[in-house]
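Here is how names work: the chains are called A, B, and so on, in the same order as the sequence lines, proteins then strands, and each is numbered from 1.
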Amino acid sequence: MAGFDKVIESPAAALDGLQDGMTLIAGGFGLCGIPENLIAEIKRRGTRDLTIVSNNCGVDDFGLGILLQDRQVKKMVSSYVGENKLFEEQLLDGTLELELTPQGTLAEKMRAGGAGIPAFYTATGYGTLVGEGKDVRQFNGRNYILEESITGDFALVKAWKADRYGNLIFRHTAQNFNPPAATAGRITVAEVEILVEPGDLDPAQIHTPGIYIDRLIQGTFEKRIEQRTTRTAA
Amino acid sequence: MAGFDKVIESPAAALDGLQDGMTLIAGGFGLCGIPENLIAEIKRRGTRDLTIVSNNCGVDDFGLGILLQDRQVKKMVSSYVGENKLFEEQLLDGTLELELTPQGTLAEKMRAGGAGIPAFYTATGYGTLVGEGKDVRQFNGRNYILEESITGDFALVKAWKADRYGNLIFRHTAQNFNPPAATAGRITVAEVEILVEPGDLDPAQIHTPGIYIDRLIQGTFEKRIEQRTTRTAA
Amino acid sequence: MALSREQLAQRVARELRDGYYVNLGIGIPTLVANYIPAGMQVMLQSENGLLGMGPFPTEDEVDADLINAGKQTVTAVTGASIFSSAESFAMIRGGHIDLTVLGAFEVDVQGNIASYMIPGKLIKGMGGAMDLVAGAENIIVTMTHASRSGESKLLPQCTLPLTGAACIKRVVTDLAYLEIADGKFWLKERAPGVEVAEIAHQTAGELVVPKTVPEMQL
Amino acid sequence: MALSREQLAQRVARELRDGYYVNLGIGIPTLVANYIPAGMQVMLQSENGLLGMGPFPTEDEVDADLINAGKQTVTAVTGASIFSSAESFAMIRGGHIDLTVLGAFEVDVQGNIASYMIPGKLIKGMGGAMDLVAGAENIIVTMTHASRSGESKLLPQCTLPLTGAACIKRVVTDLAYLEIADGKFWLKERAPGVEVAEIAHQTAGELVVPKTVPEMQL
């Protein structure tokens, strides 16, 4: 690898340096736009005591849920974790910790972490359990709480297209948490469906500039659907 | 106008409600990507005592600089104002106020204003004149200052393409401050080069979603170049 | 008679205005999309990053990369835009959504809302609800007036952990449309055929009843 | 002999590494782009929203919509990306730029830098300089060692309003390459033909001189 070519040949090499006890930030919403290949590799490696920052924790046998099977996760920072029996078991037996964070606050914490903003005020959560113990301050007569940003040892994201320099484009709502997550990793790894050459993407149409991406792999994707809802064609 | 069609026929109608003493946020960097048509309309209307939040203040006879000719501006909030004699004169004779704000802090203040974040911490300006009188707080052993967000009575932006719903695409570095500015106006007016129909733009490739745009006009543009630098073709 | 879920959605739909950007929560709020008045344009925001959510796809159109906040496969309407979660909640938190409709377990006379957590039951999380109630100027809560066991959900003070404090001003239940102001519920409309006495009986928080209470138009 | 502007740029260019994202300030720093070592890839960030700034355009290529932070018409290299000012400074503030090179009026032994304002003269503004010095881990200041009137610009304490506090660790002047640590300037290299005594004479802040001071490689 020379210059700005971020392409790594294997998921194993892409997670080089991943250790027990680290904090990972993962993109995705439900099972949509999740880094499937890197999650599988974490399971294969058996890395343990992970803190994972991700809006959801997958389902029992797909997405981040598969890391619960071997109890690799110590703590989740999420806004919604309802789709998962193993999750419930481990939460109840006390082996899994959960830090519930409002969805918008979670996205903004990642964005702030990547943007060098250590903390910001938000009205979200004021007067609720989320606001307990946090600084409160009034601006223009309204109460806001201070939320601190999040960064991770690794950030794992999934994109649709990328050039070798790591410039990313996401497809439809598979974008979701991936752009803010990508900015917040000390090491950010992206897995993509389609790899193109630098110059193939319009510079003004890149969702995540390559500066945020340290390593890039081309993956294969199941893209499981959580709620397949359809209408009858008219 | 019905539904989401934001198109207004004239610059005059696009600035309906603009009054003396209001705060305007304007996109643009130097003379690049500035709302030329709306600035000309403000000059024509003769609105006075304006506070203008914009990275720069144009030059003597173009951009926001033309509003200095009739002393329409009471205060500028900018990061750099070096290209303008009238500006210097009015600053020195005390009729114009200047609030110098670091460029990144200015962009983030607009973005925060549009995003419902009343204040954020940044290391930028700590230990300098910019930090004087502002709250200081340590995070991870480093000092940060608290900066409050900015919103305006109007935000004026310039885009390249837009559909009638106000979905905007910017061209090259004429993007600059326009996206954060667009989010921070109570009323946001966009002027564009090319107007297309809804559906003509790829939903995932829109820089500024139409929800931020209240009024839209198609303009004509001089696009003056501030520093024409060239190389000899090889 | 108490309104059906469909009728609740119909009543809420009457609060829509042409050109509104609207976020509809999961459950009854989702049904509101079926009752957008003819000739009116409304754009639905889904907080996972879609402005301009369309109907469910046909079998042929199903795309794993195009879902809504309920993780259902959906489509995008003409003129839609798609963006990141950070941008989506900037939009929500910044007050750019014209109307938010969501369900609740409880609402009280201070405008507090509890909608995400029942202690002792599994905590699933607040998702985007805390951001939505904190960010929107204009919120409608829609829910049944009482729980299945008959306990009022319009209280002097919420008993469950709050989703948001002092943020709710309007409630549409199966019995009534009420507004919240000055620490009271103000009865504005009753469901067709429902007596004011029944509403008063089912409302635990202080209720102000005007001389005449019109029947809801659906 | 003191380095020329071009030589200053050459010395700074030796700090570049393959794959670096670099922000070059106006003036001498801009010249560094002319001395990127052969076979090395460096991507230039321009804080108005361009990552991958290329050379000036030919007459035919000039485009008013493609400028750099100095408001000069430029080009974009293959693999460039373009984004908003908010995103650009998220990148800068978040420490994602590998190297920032900028000029200064003064630097002191605490790593403070003054570069944007001379009281009594017209205030033009700090532009992005305060964000750049606060955001970057790795900053090189390049300037003349002394002012035209012969006064040292490497001081015990800056006299002009600061651009940033305690953020500068490396300085390349026309006389020397120095590092700043523990409240002192550490002399690391001298310009070819320049005596240590000359450097010491021109350095007002405390200077640590090692036994041997190698000559700069350009």
Side-chain angles (χ1 to χ4, degrees), chain B residues 27 29-33 55-56 78-83 87-88 91-92 98 100-108 110-111 122-131 143 160 170-181 207-208 221-234, chain D residues 46-50 53-76 80 82-93 95 110 112-114 116-117 122-135 161-167:
Chain B
F29 181 90
L31 303 181
C32 181
N55 190 59
N56 314 95
S78 307
S79 86
Y80 192 82
V81 291
E83 323 298 353
F87 196 98
E88 184 172 349
L91 205 59
L92 291 176
L98 171 62
L100 277 182
T101 303
Q103 195 172 141
T105 296
L106 186 63
E108 191 66 14
M110 293 181 193
R111 194 254 175 203
T122 176
T124 301
Y126 169 75
T128 77
L129 291 175
V130 166
N143 289 308
W160 177 44
F170 303 95
R171 189 165 170 276
H172 300 334
T173 58
Q175 181 170 167
N176 58 59
F177 277 85
N178 284 296
H207 291 123
T208 293
F221 296 87
E222 176 183 337
K223 292 202 191 180
R224 192 181 296 185
I225 291 173
E226 207 160 334
Q227 305 260 6
R228 188 186 188 89
T229 45
T230 56
R231 73 177 196 279
T232 314
Chain D
S46 187
E47 63 264 28
N48 57 317
L50 170 59
M53 177 169 62
F56 293 149
T58 60
E59 271 298 332
D60 290 350
E61 290 170 341
V62 166
D63 188 328
D65 289 338
L66 189 51
I67 67 169
N68 67 14
K71 284 122 187 174
Q72 298 169 311
T73 46
V74 293
T75 55
I82 295 175
F83 33 79
S84 75
S85 301
E87 176 60 41
S88 184
F89 282 93
M91 204 174 269
I92 290 168
R93 201 189 303 103
Q110 301 301 333
N112 296 319
I113 173 174
Y116 83 103
M117 179 183 174
L122 182 70
I123 304 161
K124 292 192 170 186
M126 70 291 282
M130 283 193 181
D131 309 278
L132 281 160
V133 297
L162 298 186
T163 307
C167 52

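Counting only heavy atoms from C-beta outward, the side chains of B:Q103 and D:D131 approach each other to under 4.5 Å. Proximity of D:I67 to B:E226: side-chain heavy atoms (C-beta onward) are nowhere separated by under 4.5 Å. Residues B:L129 and D:M117 are in side-chain contact: their nearest non-hydrogen atoms beyond the backbone lie under 4.5 Å apart. Annotation: side chain of D:K71 is in contact with side chain of B:Y80 (closest heavy-atom distance under 4.5 Å). At a threshold of 4.5 Å between non-hydrogen side-chain atoms, the residues D:T58 and B:R231 count as touching.
Here the closest heavy-atom approach between residue B:P102 and residue D:M130 is recorded as CG-SD, 3.7 Å. Between B:F29 and D:N68, the shortest heavy-atom contact is CE2-O, 3.8 Å. Closest approach of B:T173 and D:I82 over heavy atoms only: N-CG2, 4.0 Å. Closest approach of B:P179 to D:S84, counting heavy atoms only: CG-CB, 3.8 Å.
With a threshold of 4.5 angstrom between heavy atoms, D:I92 does not approach chain B through any atom at all. When heavy atoms are compared at a cutoff of 4.5 Å, B:N143 does not approach chain D at all. If you measure heavy-atom distances from D:E47 to chain B, the contacts under 4.5 Å come from both the backbone and the side chain. Using a 4.5 Å cut-off between heavy atoms, B:L91 contacts chain D through its side chain alone, with no backbone atom that close. Only the side chain of B:I225 comes within contact range of chain D, with heavy atoms under 4.5 Å apart.
The structure places CD of D:E61 at 10.0 Å from OG1 of B:T230, a figure rounded to the nearest 0.5 Å. Distance check: D:L50 CG to B:H172 NE2 gives 10.0 Å after rounding to the nearest 0.5 Å. With rounding to the nearest 0.5 angstrom, the CG atom of D:L132 is 8.5 Å from the OG1 atom of B:T124.
Of the possible donor and acceptor atoms, none in the side chain of B:T128 sits under 3.5 Å from a partner among the backbone N and O of D:T163.
Counting heavy-atom pairs under 4.5 Å between each of B:L98, B:L31, B:T101 and chain D puts B:T101 at the top. Per-residue counts of heavy-atom pairs under 4.5 Å with chain D were compared for B:G131, B:S78, B:S79; the largest is that of B:S79. Comparing D:A76, D:A165, D:A134, D:G135 by heavy-atom pairs within less than 4.5 Å of chain B, the highest count is held by D:A134. When B:A123, B:G127, B:G82, B:A181 are compared by the number of non-hydrogen pairs under 4.5 Å with chain D, B:G82 comes out ahead. Per-residue counts of heavy-atom pairs under 4.5 Å with chain B were compared for D:A69, D:A166, D:S46; the largest is that of D:A69.
Here B:E88 pairs with nothing under the salt bridge (charged side-chain N to carboxylate O under 4.0 Å, His left out) rule; sequence neighbours left out. Residues forming a salt bridge (charged side-chain N to carboxylate O under 4.0 Å, His left out) with D:D65 (at least two apart in sequence, or on another chain): B:R171, B:K223.
Residues B:R228 and D:E59 are paired through a salt bridge, judged by an N-O separation under 4.0 Å between the basic side chain and the carboxylate.
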